[in-house]
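Please read the structure below before turning to the comments.
In what follows, chains are A, B, ... by sequence order, proteins preceding strands, each numbered from 1.
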There are 2 protein chains.
Amino acid sequence: MAVTISDVAHAAGVSKGAVSYALNNQPGVSDATRGRILQVAKELGWKPSLRAKGLSSAKAYALGLVVARDPKLLGTDPFFPAFIAGIETTLAEHDYTLVLSVATAPGAEERAYRKLADGGRVDGVILTDVRHNDSRIGLLRELKLPAVTLNRPDSDSPFPAVSMDDTDGITAAVEHLLALGHVRIGHVGGAQEYIHGRSRRRAWEAAMAAAGLAADLFAEADFTAPGGVAATAELLRRPDRPTAIVYANDLMATSGQSFAQSQGLSVPGDLSITGYDNAEFTQYLNPPLTTIATDPMRWGRVAAQALLDQLNGTHSGEDTDLQAPSLLVRASTGPAPSTTTKPAP
Amino acid sequence: MAVTISDVAHAAGVSKGAVSYALNNQPGVSDATRGRILQVAKELGWKPSLRAKGLSSAKAYALGLVVARDPKLLGTDPFFPAFIAGIETTLAEHDYTLVLSVATAPGAEERAYRKLADGGRVDGVILTDVRHNDSRIGLLRELKLPAVTLNRPDSDSPFPAVSMDDTDGITAAVEHLLALGHVRIGHVGGAQEYIHGRSRRRAWEAAMAAAGLAADLFAEADFTAPGGVAATAELLRRPDRPTAIVYANDLMATSGQSFAQSQGLSVPGDLSITGYDNAEFTQYLNPPLTTIATDPMRWGRVAAQALLDQLNGTHSGEDTDLQAPSLLVRASTGPAPSTTTKPAP
DNA sequence: TTGAAAGCGCTAACAG
DNA sequence: CTGTTAGCGCTTTCAA
């Protein structure tokens with residue numbers, strides 16, 4: 001904090017204002033003086049104080065992200081690290097930083113948003129894990145905090161969304177299983193409170209309907225490993241038990257697969273399984289998991305850019321659609337058991 | 001940003017100074033006026049501007065964390081999410097926030113630290129993944145950025161450390177395997193550039209030496225899944241191949257186990273395996289992984305507190321030692337194959 | 001105990 | 001095109 005704008009101004013024989021203009025590439029100084037000022041600034045090793053800059057320009061130069069997941073779940077989900085890395089990619093070019101808040105305890109989430117908004121710690125936030133009728137969009141409105149949402153909320157939202165449709169991935173998974181001769185294809189869904197929990201379920205239903213099949217083998221879970229076990233157990237207990245299960249995420253697929261095997265079922269001999277996310281460990285499972293690969297890093301990059309554009313006033317106001325995820329076929333899916341799907345003679 | 005300290009001062013019929021004192025619980029105002037001021041402030045809904053506060057007090061009210069890992073690795077490592085959640089637990093009580101930086105590209109790490117330091121964006125940083133002769137401690141010194149390190153660096157460091165010794169965990173793993181009759185116990189180490197890569201290796205060596213055995217079945221890897229496969233392949237290729245392998249983390253253990261099985265080896269029949277970290281998915285592997293459970297959340301909590309204390313001038317200056325991790329025995333470890341360890345007649 | 005006033009380092013409106 | 005100057009909202013010193 002040694003050298004300030006005044007020092008530079010003195011040394012260059014100009015006013016503070018001139019230095020400010022020179023620094024920010026704004027008109028108001030001749031190229032000659034601008035060059036001289038920049039030169040002097042460099043010699044003196046001047047680093048403009050973010051705090052002073054923020055105070056006068058009423059900006060925080062920071063974006064906020066509040067993550068409200070159980071740390072356990074967080075630790076296994078490959079989404080956030082990659083997503084955050086993507087955000088950083090964008091911020092690295094923009095003199096902005098990321099303020100991260102992990103809200104574990106109930107009620108901590110709203111407090112976290114207030115904390116970010118109150119003192120003006122961030123200029124905007126990225127909203128992830130959007131929920132059905134998400135109360136946070138009202139909150140952000142109240143706090144007058146600009147935002148971008150990941151996928152479009154199902155309630156009215158004034159914020160631009162950056163979306164990656166789950167439909168195609170799930171559809172591809174179901175079609176892959178149909179092609180393998182499966183007819184009784186179940187779905188272990190994530191918490192239906194989340195819109196991505198809902199959309200994945202709907203995509204499964206639609207794909208089944210398109211094949212003229214009933215979408216009745218559904219069990220709701222919560223994206224956690226124990227939840228996956230319980231839901232799998234429920235489906236396998238049914239008389240018309242499925243020969244294939246499409247899971248809403250990798251963690252549930254992993255624990256579901258493990259459970260099925262512990263019950264003496266062979267995967268994929270008796271039961272085919274698909275996940276969602278392409279967590280790295282899934283390729284080391286036994287058998288390796290067929291799953292759906294998304295691109296969270298790109299999602300983060302684009303979402304951060306959208307938010308910056310919005311703050312900057314250069315955002316079109318329209319939603320952004322990212323490329324849909326794609327199916328990754330591995331060994332956890334195979335032909336339907338012949339006892340159940342008798343080929344035509 | 002509507003209501004400011006002046007508004008409150010006016011409304012309460014006092015000066016700005018008085019409001020400041022009242023807010024910060026400092027002497028200089030009578031209890032009566034203090035009460036009145038606080039009352040008025042609440043009525044007006046005044047939120048002190050962090051930016052203004054920061055400018056005059058020369059503080060950022062933020063801590064920094066730079067994570068320099070491959071996003072892929074990050075996504076599978078349960079450490080950071082829990083660690084960050086721990087940091088938040090502490091910060092939640094202290095009006096501080098966390099600025100997170102993910103540095104992926106080479107060279108990005110140093111830039112990230114400079115970015116945090118230069119404008120005065122953070123008041124201090126937490127240094128994780130400490131390396132052998134870590135250049136960052138010199139950098140932080142140059143930047144005059146207060147810090148706390150996770151484990152004590154092996155080079156001279158002026159920063160207090162918060163440590164969790166790996167020794168006990170690895171020792172417990174080796175002793176567990178010895179008790180099962182194993183003699184040829186190998187170690188797949190993490191990158192030896194990291195001090196935790198080194199200390200885990202040394203712990204394995206020490207435990208072997210203590211049992212009067214040679215510690216020669218070592219293969220260095222890099223904490224990644226492919227690395228684990230390669231190192232495992234190397235060990236299994238040896239004529240005196242191990243009957244048990246202690247891995248430096250869960251991801252390598254997972255991919256190593258998967259590889260061994262793909263080679264026709266049974267786990268734990270032919271080969272016993274232990275991991276490190278207790279990632280959640282490890283209990284759903286086939287077989288579930290014997291591993292070492294650490295407490296990253298607590299680590300984060302304590303580290304953040306230590307840093308705050310240091311900024312506050314109330315830090316003792318001594319290192320903090322956390323409880324050592326503990327061994328979690330699951331099904332990936334079993335008795336040594338009888339063909340190799342012939343029991344005494 | 002209280003109030004006034006001088007910064008903190010920068011931006012931006014204004015006058016020259 | 002350039003320089004001056006008045007804030008931004010808070011802290012803190014100094015008189016009263």
Over the length of the helix from C:dT1-D:dA16 to C:dG16-D:dC1, how much do the five-pair end axes diverge, rounded to 10 degrees?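 Here the helix ends are tilted 50° relative to one another.
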
Please state how far atom [atom1] in [X] lies from atom [atom2] in [N], giving the value in whole angstrom units.
| X | N | atom1 | atom2 | answer |
| --- | --- | --- | --- | --- |
| A:Ile37 | C:dT11 | CD1 | P | 12 Å |
| A:Asp118 | D:dG9 | CG | P | 16 Å |
| B:Asn24 | D:dT12 | CG | C1' | 11 Å |
| A:Lys47 | C:dC8 | NZ | C1' | 20 Å |
| A:Lys59 | D:dC8 | NZ | P | 18 Å |
| B:Arg34 | C:dG3 | CZ | C1' | 16 Å |
| B:Ile5 | C:dG3 | CD1 | P | 13 Å |
| A:Tyr61 | C:dG9 | OH | P | 17 Å |

Tested for side chain to side chain contact (heavy atoms under 4.5 Å, CB included) against B:Val19, the lone hit among B:Val40, B:Ile37, B:Leu38 is B:Ile37

Counting side-chain heavy atoms from CB outward, which of [options] is closest to [X]?
| X | options | answer |
| --- | --- | --- |
| A:Ser56 | C:dG3, D:dC8, D:dG3 | D:dC8 |
| A:Lys16 | D:dG3, D:dC10, D:dT5 | D:dT5 |
| A:Ala18 | D:dG3, D:dC10, C:dG9 | D:dG3 |
| B:Leu55 | C:dC8, C:dT11, D:dC10 | C:dC8 |
| A:Lys53 | D:dC10, C:dC10, D:dT12 | C:dC10 |

Most 5' of B:Val14 and B:Ser57 on DNA chain C, judged by nearest nucleotide: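 This one resolves to B:Val14.
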
Determine the contact category for [X]: base if any of its heavy atoms lies under 4.0 Å from a base atom, sugar-phosphate if only primed atoms, P, OP1 or OP2 are that close, otherwise nothing.
| X | value |
| --- | --- |
| B:Val19 | nothing |
| B:Ser20 | base |
| A:Pro27 | nothing |
| A:Gly54 | nothing |

The reported gap from CG in A:Asn312 to NE2 in A:His94 (rounded to nearest 0.5 angstrom) is 8.5 Å

Within the structure, does a side-chain N or O atom of B:Thr33 lie under 4.0 Å from either OP1 or OP2 of C:dT2? yes

Between the base of D:dT4 and the side chain of A:Tyr21, is there a donor and acceptor pair under 3.5 angstrom?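 No, no donor-acceptor pair under 3.5 Å.
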
Taking the basic N atoms (NZ, or NE/NH1/NH2) and the acidic carboxylate oxygens, is any pair closer than 4.0 Å for [X] and [Y]?
| X | Y | value |
| --- | --- | --- |
| B:Glu109 | B:Arg131 | yes |
| A:Glu142 | A:Arg114 | yes |
| A:Asp95 | B:Arg121 | yes |

Heavy-atom side-chain contact between A:Leu150 and A:Trp299 under 4.5 Å: yes

Listed by chain and number, what are the salt bridge (Lys or Arg N to Asp or Glu O under 4.0 Å) partners of B:Glu43, not counting sequence neighbours? none

B:Phe223 and B:His196: aromatic ring centres closer than 6.0 Å?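 For B:Phe223 and B:His196, the ring centres are under 6.0 Å apart.
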
